[in-house]
Amino acid sequence: DSGVTQTPKHLITATGQRVTLRCSPRSGDLSVYWYQQSLDQGLQFLIHYYNGEERAKGNILERFSAQQFPDLHSELNLSSLELGDSALYFCASSEGPDSVEHFGDGTRLSIL
Amino acid sequence: TQLLEQSPQFLSIQEGENLTVYCNSSSVFSSLQWYRQEPGEGPVLLVTVVTGGEVKKLKRLTFQFGDARKDSSLHITAAQPGDTGLYLCARHTDKLIFGTGTRLQVFP
């Protein structure tokens, strides 16, 4: 158990819809990262928050947004969903930007 | 984007065999990490290599960082079914850039 909690584990929805994925980091970790894992693109970095502030951005679509709240949990919002958004979405947390990242077990998103 | 190419992409072997997985890049890295991801779980860090030529051992797993710090290898001796999973190399800065992955299946 990494100590990182992601909910829900599975999400099935339709094209055009909007979903919110939630991540609770390990106790004491200030950094939260989001990654997308798909069969064709592999595991790709989306965005990094540190203590509530956006720290780094990867290839995150404009339809996607994230935030980190004062209690340090984070949410990833995906809107206007397309079939190609079907993937595993992982959250990771670390003490700080250069520390080891610990991954949650992911949310599997299926778009029908 | 600094690509990390892994080979082979897939590996299917019998229990007891040895194997080597490679991670290559055209860029120099200050450090490289190896992760294993099992089905239904997130990646778990196995090791970080920092110094060119460095060799680290973790039970039956041997990790090597190339002298020029552009490549790395993971060697597994006497593979077991429990070694089955996706092996990923990664470069770590303020985020992780993952390699293309090697999916290993070890049959009993």
Side-chain angles (χ1 to χ4, degrees), chain A residues 1-10 21 23-26 29-51 53-60 66 74 87-108, chain B residues 1-12 21-25 27 29-51 54 56 58 63 65 72 74 84-105:
Chain A
D1 181 10
S2 68
V4 178
T5 303
Q6 289 188 247
T7 57
K9 286 191 182 300
H10 302 278
L21 312 184
C23 171
S24 293
R26 291 189 325 158
D29 284 357
L30 298 179
S31 275
V32 171
Y33 310 77
W34 287 97
Y35 293 85
Q36 179 193 58
Q37 187 174 38
S38 60
L39 284 175
D40 56 343
Q41 295 291 326
L43 191 53
Q44 299 225 323
F45 168 74
L46 295 178
I47 199 162
H48 169 202
Y49 277 84
Y50 175 72
N51 204 20
E53 299 290 325
E54 182 183 303
R55 179 78 180 219
K57 227 171 185 177
N59 295 324
I60 186 168
S74 179
L88 275 165
Y89 291 84
F90 286 100
C91 169
S93 74
S94 68
E95 292 179 1
D98 296 324
S99 304
V100 171
E101 296 180 32
H102 300 269
F103 284 77
D105 288 339
T107 292
R108 182 175 293 279
Chain B
T1 303
Q2 297 173 348
L3 294 177
L4 288 167
E5 296 287 338
Q6 289 186 237
S7 62
Q9 191 176 357
F10 299 98
L11 199 48
S12 184
V21 174
Y22 300 93
C23 173
N24 294 289
S25 173
S27 304
F29 298 122
S30 57
S31 66
L32 195 87
Q33 297 181 329
W34 283 93
Y35 288 79
R36 178 169 64 215
Q37 183 181 11
E38 298 186 24
E41 299 181 7
V44 175
L45 179 66
L46 296 174
V47 76
T48 301
V49 286
V50 178
T51 307
E54 181 178 5
K56 280 191 173 178
L58 186 65
F63 303 85
F65 203 13
S72 181
L74 157 59
T84 292
L86 177 66
Y87 288 82
L88 295 157
C89 62
R91 176 179 72 90
H92 184 260
T93 54
D94 58 351
K95 58 184 177 285
L96 283 165
I97 305 296
F98 284 96
T100 49
T102 293
R103 197 166 293 277
L104 172 65
Q105 177 88 51

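Labels below follow one simple rule: chain letters A, B, ... track the order of the sequence lines, proteins then strands, and each chain is numbered from 1.
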Task: Between CG on residue A/Leu43 and OG1 on residue B/Thr100, distance to nearest 0.5 Å - done: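 Answer rounded to 0.5 Å: 11.5 Å.
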
Open item on the list: Is A/Gln37 close to chain B through its backbone or its side chain, or both, or neither, when contacts mean heavy atoms under 4.5 Å?
Closed with: side chain

Just wondering, are more than 12 heavy atoms of other shown residues or ligands nearer than 6.0 Å to [atom1] in [X]?
X        : atom1 : result
A/Glu95  : CD    : no
B/Arg36  : CZ    : yes
A/Arg108 : CZ    : no

- [ ] Report the C-alpha distance between A/Phe90 and B/Glu41 in whole Å, list the side-chain angles of each, state the deciding distance to 0.1 Å, and finish with yes or no for side-chain contact (heavy atoms from CB on, under 4.5 Å).
- [x] CA-CA 9 Å; A/Phe90 286 100; B/Glu41 299 181 7; over 6 Å; no

- [ ] Report yes if the distance between the aromatic ring centroids of B/Phe98 and A/Tyr35 is under 6.0 Å, otherwise no.
- [x]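 Yes.
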
Task: Heavy-atom closest pair, residues A/Tyr33 and B/Lys95 - done: CE2-CA, 4.2 Å

Open item on the list: Within residues 97-106 of chain A, which residues come under 4.5 Å of chain B, heavy atom to heavy atom?
Closed with: A/Pro97, A/Asp98, A/Ser99, A/Val100, A/Glu101, A/Phe103, A/Gly104, A/Asp105

Open item on the list: Quick check on B/Leu45 against chain A: is it the side chain, the backbone, both or neither that has a heavy atom closer than 4.5 Å?
Closed with: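 Contact with chain A: side chain only.
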
